[in-house]
Amino acid sequence: VAIYSDADASALHVSEADEAVCVGPSPSSLSYLNMDRIIEACKATGAQAVHPGYGFLSENHLFADRLAAEGIKFIGPGNEAITAMGDKITSKKIATEAKVN
């Protein structure tokens, strides 16, 4: 199941998907960043998991929490990793400790 905004109705991922759901108008705050609409799309289609792609909600631990509360799997890093990598000081410390800085 693919989601899309009005602006992306003719995008390749929409036409290639087995099923696609419009989650709102063009502004990302009303579509791709709208957790309620994405969760509604999951429920309407019976989707059991979400791969958030890149950007938008992929780095938002609150989105992963909301999905978990609804019984929907988040395909991505755990909340601890999302939170740590979202904090510059913490992420630099982790990189230094792992010797990858």
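Since the model is a prediction, treat every value here as computed from it, not as a measurement.
Heavy atoms from other residues, nucleotides or ligands lying under 6.0 Å from CD of E97 number more than 12.
Nearest heavy atoms, I82 versus P77: CD1-O, 3.5 Å. For A49 against I75, the heavy-atom pair with the smallest separation is CB-CD1, 3.7 Å. When all heavy atoms of S26 and S31 are compared, the pair lying nearest together is O-OG, 4.0 Å. When all heavy atoms of S5 and P25 are compared, the pair lying nearest together is CB-O, 3.5 Å. A pairwise comparison of heavy atoms in C42 and I72 identifies CB-CD1, 3.6 Å as the closest pair.
No donor-acceptor distance shorter than 3.5 angstrom exists from the side chain of T83 to the backbone of E80, with no hydrogens or angles considered.
For the atom pair I94 CD1 and D87 CG, the distance stands at 8.5 Å (nearest 0.5 Å). Rounding to the nearest 0.5 Å gives a distance of 7.5 Å between CG of L33 and CD1 of I38. Here the OH atom belonging to Y4 is positioned 10.0 Å from the OG atom belonging to S10, to the nearest 0.5 angstrom. Atom CG of L67 sits about 13.0 Å away from atom CD of Q48, to the nearest 0.5 Å.
Looking at heavy atoms from C-beta onward, L62 lies in side-chain contact with M35 at the 4.5 angstrom threshold. In this structure, V1 and V21 have side chains that are in contact, with non-hydrogen atoms separated by less than 4.5 Å.
Exactly one of T45, N34, V50, V23 qualifies for a side chain to side chain contact (heavy atoms under 4.5 Å, CB included) with I3. That residue is V23.
With sequence neighbours excluded, the residues forming a side-chain contact (heavy atoms from CB on, under 4.5 Å) with A11 are D8, H13, V14, listed by chain and number.
Here salt bridge (Lys or Arg N to Asp or Glu O under 4.0 Å) pairs that include residues 25-45, with residues two or more places apart or in two chains, are D36-R66, K43-E70. Residue pairs that meet the ring pair (Phe, Tyr, Trp, His ring centres under 6.0 Å) test with at least one member in residues 50-91, sequence neighbours left out, are Y32-F56.
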